[in-house]
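The block underneath contains the structure these notes are about, expressed in structure tokens.
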Amino acid sequence: MGIEQSLMPAPEAWLARARPDDPVFFFCPMRLAQVAERFLSGFPGQVTYAVKANPAPELVGGLLAAGLRAFDVASPAEMRLVREQAPGAALHYHNPVRSEAEIAEGMRQGCVSWSVDRARELDKLRVLPAGAEIAVRLKLPVTGAAYDFGAKFGATPEEAETLLRQVVEMGLTPSITFHPGTQCPTPEPWARYIAAAAEVARRAGVRLHRLNVGGGFPSHRDAAMPDLEAIFATIAEATRAAFGADVPQLVCEPGRGLCAEAMILALRVKAVTPEAVFLNDGIYGGMAEWRDLGPIDRLRVFTEEGTPRAGRPVPRIAFGPTCDSLDRLPDELALPDTLSEGDYLVFEGMGAYSRALVTAFNGYGVRRVVRMTAGC
Ligand SMILES: *Cc1c(COP(=O)(O)O)cnc(C)c1O
């Protein structure tokens, strides 16, 4: 996707001038810088960015400009994407299942941390240089997240204990990593995981080099503003309480928490009935994740002249543009009763797991990105 520039003060002003018929992402570098600063100054350790949440080059570039220097990558393509802009960045290869060819590429790209969750995968990492960091991926039963990140990857506390001992026997550097689940609204899952990680390390008799507390930091999806600082404070306290004198260095790898606020998605109304609205994008485009997480209700509606659409909110079924009957949003949208063809729907907080998941199904999908250089 190429990127266009806008000097307009707000997306609605750009929409009124350009009148695009296709959906558009607006990239807001200032918002990205603000949230990056919140993490870099507030998190009590190293901040890395989980590239999968939004691999757009402008996102990686904006985070580098904000001072971030480390990235969680899951594939050779993500490594190359980061290396293009940041040859010296630290790469953490935290996809715990890898082919031999992927391991070779990770070594060529200079990855410095490797996660594992099973003996066979650790065995494949014998080719790493002595002292390389191995982060054993711990899983606990789910608590509180929007969906379970332990369903695919992770070692139970007993398995993690054995893996940690093996890491030390192999002459590699032992760490623990976990992911509490995406969009965790409260700090409790981190406190539980940190206590469990300390217990695993104690039982294994291993001193951890680092503890990576994952992603899962929530983005602002509805009326509730997430309190990142409360999560950072819990992480710091729980680590002191659980590890005492042996505190490992902390690392985090947010995806959603860092990138969600940096993009706005504007859709256009193609047709309206009293019960439904037909939009120019949907679950096969920028809203793929809504089937699992539910809608973002930070929504404003504008006429094509750019004036806010007033009116009584009426719930309507929201269909996407393809001919597939599954192509509807999981919940009805409350839209003004005055809604008309050609109006624009502007959703905030749309930077995470949106652009990365756009398909070209039926010839649709968001292709345009506009960089807001003068505000958002
Ligand atoms: C997806 C992923 C992340 C980012 O998760 P968010 O919930 O977006 O913060 C971090 N680490 C790993 C290993 C992941 O797979």
Side-chain angles (χ1 to χ4, degrees), residues 32 35-36 38-39 42-43 45-56 59-60 63 68 70-75 77-79 82 90-98 102 106 111-118 121 133-140 142-155 160 175-187 189-190 193 197 210-221 226 228 231-232 235 250-263 288-290 292-294 296 349-357:
L32 181 62
V35 73
R38 246 174 116 183
F39 271 92
F43 182 76
Q46 184 186 37
V47 181
T48 74
Y49 172 55
V51 174
K52 81 167 187 285
N54 190 331
L59 245 291
V60 172
L63 291 170
L68 196 122
F71 295 82
D72 163 33
V73 291
S75 62
E78 288 187 355
M79 294 168 200
V82 173
L91 298 182
H92 295 177
Y93 192 175
H94 283 181
N95 180 345
V97 176
R98 309 170 185 86
E102 287 173 334
C111 292
V112 293
S113 177
W114 305 66
S115 71
V116 294
D117 66 351
R118 61 202 75 191
E121 292 299 318
E133 181 182 32
I134 304 293
V136 173
R137 169 91 174 248
L138 176 66
K139 76 168 171 199
L140 298 175
V142 215
T143 45
Y147 60 84
D148 183 4
F149 261 49
K152 180 169 181 186
F153 293 135
S175 291
I176 287 185
T177 185
F178 62 81
H179 193 303
T182 203
Q183 186 72 12
C184 275
T186 67
W190 279 277
Y193 261 102
R210 301 206 282 184
L211 176 62
N212 186 323
V213 300
F217 299 88
S219 67
H220 184 186
R221 300 181 66 86
L228 293 177
I231 297 174
F232 299 155
I235 290 171
L250 288 169
V251 185
C252 67
E253 50 187 23
R256 178 189 305 285
L258 272 173
C259 67
E261 212 49 32
M263 283 195 179
E289 192 195 47
W290 289 20
D292 302 307
L293 289 204
I296 285 183
M350 284 296 297
Y353 305 103
S354 51
R355 200 179 154 180
L357 298 173

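Counting starts at 1 for both ligands and their atoms, following the listed order.
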Of all the atoms in ligand 1, which lie at a distance below 4.0 Å from a heavy atom belonging to Ala50?
3 (C), 4 (C), 10 (C)
About how many Å separate NE2 of His94 and CD of Glu253, when rounded to the nearest 0.5 Å?
6.0 Å
Nearest heavy-atom contact between Ala262 and Leu32 is CB-CB, 3.8 Å
Residue pair Tyr93 / Glu102, side-chain heavy-atom distance below 4.5 Å
yes
Quick check against the 3.5 Å criterion: does Asp72 have a side-chain atom that pairs as donor or acceptor with the backbone of Ala50?
no
Test ring pair (Phe, Tyr, Trp, His ring centres under 6.0 Å) applied to Trp190 and Phe232, step by step:
CA-CA 10 Å; Trp190 279 277; Phe232 299 155; 9.0 Å; no
Is the shortest distance from a Lys or Arg side-chain nitrogen in Arg221 or Glu289 to a carboxylate oxygen in the other one below 4.0 Å?
yes
Measure Thr177 to ligand 1 on non-hydrogen atoms and call it side chain, backbone, both or neither using the 4.0 Å cut-off.
neither
Contacting atoms of ligand 1, where contact means under 4.0 angstrom from a heavy atom of Tyr353
1 (C), 4 (C), 5 (O), 6 (P), 8 (O)
Value for CG (Leu63) from CG (Leu68), rounded to nearest 0.5 Å, stands at 5.5 Å
Under 4.0 Å from a heavy atom of Asp72: which atoms of ligand 1 are those, numbered in the order shown and with their elements?
10 (C), 11 (N), 12 (C), 13 (C)
Give the numbers and elements of all ligand 1 atoms closer than 4.0 Å to a heavy atom of Thr182.
6 (P), 7 (O), 8 (O)
Just distances here: any N/O of Gly216 and N/O of ligand 1 closer than 3.5 Å?
yes
Can you find an N or O of Gly255 that's nearer than 3.5 Å to an N or O of ligand 1?
yes
Among His92, Arg256, His94, Lys52, which residue places a heavy atom closest to atom 14 (C) of ligand 1?
Lys52
Could an N or O of ligand 1 be found under 3.5 Å from any N or O of Gln183, whether backbone or side chain?
no
Donor-acceptor check, side chain of Tyr193 to backbone of Val213, threshold 3.5 angstrom: yes or no?
no
From atom 5 (O) of ligand 1, work out which of Lys152, Glu253, Arg137, His179 has a heavy atom at the shortest distance.
His179
For Pro254, counting its heavy atoms only, list the atoms of ligand 1 lying under 4.0 Å from any of them.
9 (O)
